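Worksheet: the structure to be examined is printed underneath.
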Amino acid sequence: MALVHRVDLNHVQQMIWQAVAQIPAGQVTSYGTIAKDIGFPNHARYVGATLKKLPSDSRLPWHRVLNSKGAIAFAKGTPQYQEQRLRLEQEGVVFIEGRAQLVG
DNA sequence: TAATTGACCTAAG
DNA sequence: CCTTAGGCCAATT
(Lines give C-alpha, C1' and ligand atoms only; values in the text may rest on other atoms or scores of the structure.)
Protein backbone atom coordinates (compact mmCIF):
# COMPACT_ATOMS: atom_id res chain seq x y z
CA MET A 1 0.00 0.00 0.00
CA ALA A 2 1.35 3.31 -1.01
CA LEU A 3 1.89 5.12 2.23
CA VAL A 4 0.20 8.45 2.07
CA HIS A 5 1.57 10.61 4.81
CA ARG A 6 0.25 13.52 2.87
CA VAL A 7 -2.18 15.67 4.77
CA ASP A 8 -5.47 16.54 3.15
CA LEU A 9 -5.33 20.31 3.27
CA ASN A 10 -8.95 20.60 2.25
CA HIS A 11 -9.85 18.74 5.38
CA VAL A 12 -7.55 20.88 7.47
CA GLN A 13 -9.26 23.92 6.05
CA GLN A 14 -12.63 22.54 6.98
CA MET A 15 -11.45 21.90 10.53
CA ILE A 16 -10.22 25.46 10.73
CA TRP A 17 -13.55 26.83 9.56
CA GLN A 18 -15.29 24.56 12.01
CA ALA A 19 -13.10 25.69 14.88
CA VAL A 20 -13.60 29.36 14.06
CA ALA A 21 -17.34 28.86 13.81
CA GLN A 22 -17.31 27.50 17.38
CA ILE A 23 -15.95 30.69 18.94
CA PRO A 24 -18.77 32.31 20.91
CA ALA A 25 -19.60 35.94 20.22
CA GLY A 26 -17.74 38.23 22.56
CA GLN A 27 -14.90 35.79 22.96
CA VAL A 28 -11.60 35.48 21.13
CA THR A 29 -8.91 32.92 20.48
CA SER A 30 -5.62 32.85 18.63
CA TYR A 31 -4.30 31.42 15.39
CA GLY A 32 -1.94 29.19 17.31
CA THR A 33 -4.63 27.94 19.67
CA ILE A 34 -6.85 26.94 16.78
CA ALA A 35 -3.98 25.20 15.04
CA LYS A 36 -3.21 23.29 18.22
CA ASP A 37 -6.84 22.41 18.83
CA ILE A 38 -7.31 20.82 15.45
CA GLY A 39 -4.16 18.78 15.86
CA PHE A 40 -1.74 20.78 13.75
CA PRO A 41 0.29 22.80 16.26
CA ASN A 42 2.65 24.01 13.57
CA HIS A 43 0.04 25.50 11.32
CA ALA A 44 -0.71 28.77 13.02
CA ARG A 45 0.24 30.58 9.84
CA TYR A 46 -1.98 28.33 7.81
CA VAL A 47 -4.93 29.35 9.94
CA GLY A 48 -4.29 32.94 8.96
CA ALA A 49 -3.73 32.02 5.35
CA THR A 50 -7.04 30.18 5.36
CA LEU A 51 -9.01 33.04 6.85
CA LYS A 52 -7.42 35.31 4.31
CA LYS A 53 -9.09 33.35 1.54
CA LEU A 54 -12.56 33.82 2.98
CA PRO A 55 -14.98 35.57 0.63
CA SER A 56 -16.02 39.01 1.83
CA ASP A 57 -19.56 37.78 2.26
CA SER A 58 -18.51 34.94 4.52
CA ARG A 59 -20.48 34.57 7.71
CA LEU A 60 -17.57 33.03 9.59
CA PRO A 61 -16.54 35.01 12.70
CA TRP A 62 -12.97 35.45 11.52
CA HIS A 63 -12.70 38.61 13.59
CA ARG A 64 -12.60 36.54 16.79
CA VAL A 65 -9.16 35.24 15.92
CA LEU A 66 -6.23 37.27 17.24
CA ASN A 67 -2.52 36.68 17.58
CA SER A 68 -0.84 35.16 20.61
CA LYS A 69 -0.65 38.53 22.29
CA GLY A 70 -4.38 39.01 22.10
CA ALA A 71 -3.97 41.75 19.53
CA ILE A 72 -5.31 42.16 16.03
CA ALA A 73 -2.86 40.80 13.51
CA PHE A 74 -3.37 43.57 10.97
CA ALA A 75 -1.31 46.70 11.27
CA LYS A 76 -3.02 49.34 13.35
CA GLY A 77 -4.68 51.92 11.16
CA THR A 78 -5.37 49.67 8.22
CA PRO A 79 -8.97 49.22 7.04
CA GLN A 80 -8.81 45.58 7.98
CA TYR A 81 -7.65 46.41 11.48
CA GLN A 82 -10.48 48.89 11.83
CA GLU A 83 -13.09 46.46 10.64
CA GLN A 84 -11.96 43.65 12.87
CA ARG A 85 -11.78 45.89 15.90
CA LEU A 86 -15.19 47.37 15.19
CA ARG A 87 -16.74 43.94 14.86
CA LEU A 88 -15.24 42.85 18.16
CA GLU A 89 -16.23 45.98 20.02
CA GLN A 90 -19.75 45.54 18.75
CA GLU A 91 -19.71 42.18 20.49
CA GLY A 92 -18.54 43.75 23.71
CA VAL A 93 -14.85 43.00 23.47
CA VAL A 94 -12.80 45.70 25.15
CA PHE A 95 -9.37 46.73 23.97
CA ILE A 96 -6.67 48.15 26.18
CA GLU A 97 -3.34 49.09 24.70
CA GLY A 98 -4.31 47.31 21.52
CA ARG A 99 -4.97 44.05 23.29
CA ALA A 100 -8.33 42.40 23.72
CA GLN A 101 -9.03 42.11 27.41
CA LEU A 102 -9.71 38.80 29.00
CA VAL A 103 -13.12 38.44 30.60
CA GLY A 104 -12.75 40.22 33.84
C1' DT B 1 12.53 24.62 -9.46
C1' DA B 2 14.05 28.20 -6.22
C1' DA B 3 13.06 32.10 -3.56
C1' DT B 4 9.98 34.93 -1.17
C1' DT B 5 5.88 35.94 1.54
C1' DG B 6 2.76 35.90 5.33
C1' DA B 7 -4.12 37.68 9.32
C1' DC B 8 2.04 33.14 13.38
C1' DC B 9 4.71 31.61 17.79
C1' DT B 10 8.28 31.34 21.26
C1' DA B 11 12.49 32.03 23.56
C1' DA B 12 16.18 34.90 24.67
C1' DG B 13 18.54 39.33 25.34
C1' DC C 1 8.40 46.74 27.84
C1' DC C 2 11.09 46.12 23.21
C1' DT C 3 13.78 43.79 19.58
C1' DT C 4 16.01 39.81 17.35
C1' DA C 5 16.39 35.31 15.80
C1' DG C 6 14.80 30.95 14.78
C1' DG C 7 11.28 27.88 13.63
C1' DC C 8 7.24 26.74 11.02
C1' DC C 9 4.81 25.60 6.36
C1' DA C 10 1.43 26.36 2.45
C1' DA C 11 0.89 29.66 -1.13
C1' DT C 12 2.63 32.71 -4.25
C1' DT C 13 6.02 34.68 -7.26
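Everything quoted here is computed from the prediction, not taken from an experiment. Every chain is numbered from 1 and lettered A, B, ... according to where its sequence line falls, protein lines coming before strand lines.
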So, OP1 or OP2 of [N]: does either fall under 4.0 Å of a side-chain N or O from [X]?
| X | N | answer |
| --- | --- | --- |
| A:S30 | B:dC9 | yes |
| A:Y31 | B:dC9 | no |
| A:N67 | B:dC8 | no |
| A:K53 | C:dA11 | yes |

| said: Please give the distance between the P atoms of C:dG7 and B:dA7 as a whole number of Å. | reply: 22 Å
Distance col, row A:F40:CZ vs A:I16:CD1, nearest 0.5 angstrom, shows 9.0 Å
Q) Once you round to the nearest 0.5 Å, how far does CD of A:Q18 lie from CD of A:Q22? A)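 If we round to the nearest 0.5 Å, A:Q18:CD and A:Q22:CD are 4.5 Å apart.
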How many Å lie between [atom1] on [X] and [atom2] on [N], as a whole number?
| X | N | atom1 | atom2 | answer |
| --- | --- | --- | --- | --- |
| A:R45 | B:dC9 | CZ | P | 9 Å |
| A:Y46 | B:dC9 | OH | C1' | 19 Å |
| A:K36 | C:dG7 | NZ | P | 19 Å |
| A:Q13 | C:dA11 | CD | C1' | 11 Å |
| A:K69 | B:dA7 | NZ | P | 15 Å |
| A:Q80 | B:dG6 | CD | C1' | 12 Å |
| A:I72 | B:dG6 | CD1 | C1' | 18 Å |
| A:K52 | B:dC8 | NZ | P | 10 Å |

Step by step, work out the side-chain contact (heavy atoms from CB on, under 4.5 Å) result for A:V65 and A:I23.
CA-CA 9 Å; A:V65 187; A:I23 311 169; 4.0 Å; yes
Regarding A:E83 and A:H63, is there a side-chain donor-to-acceptor distance under 3.5 Å anywhere?
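Judged by distance alone, the side chains do not pair up.
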Ranking B:dA7, B:dC9, C:dC9 by distance to the side chain of A:W62, first place goes to B:dA7
- Of all the nucleotides listed (C:dA10, B:dA7, B:dT10), which has the minimum atom distance to the side chain of A:L9?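 Minimum distance to the A:L9 side chain belongs to C:dA10.
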Assert: residue with more 5' nearest nucleotide on DNA chain C, out of A:R99 and A:N42, is A:R99
Taking any heavy-atom pair under 4.0 Å as a contact, classify A:F74: base, sugar-phosphate, or nothing.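 Result for A:F74 = base.
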Is there a donor-acceptor pair under 3.5 Å between the side chain of A:Q84 and the backbone N or O of A:Q82?
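No, because the side chain of A:Q84 does not come within donor-acceptor range (under 3.5 Å) of the backbone of A:Q82.
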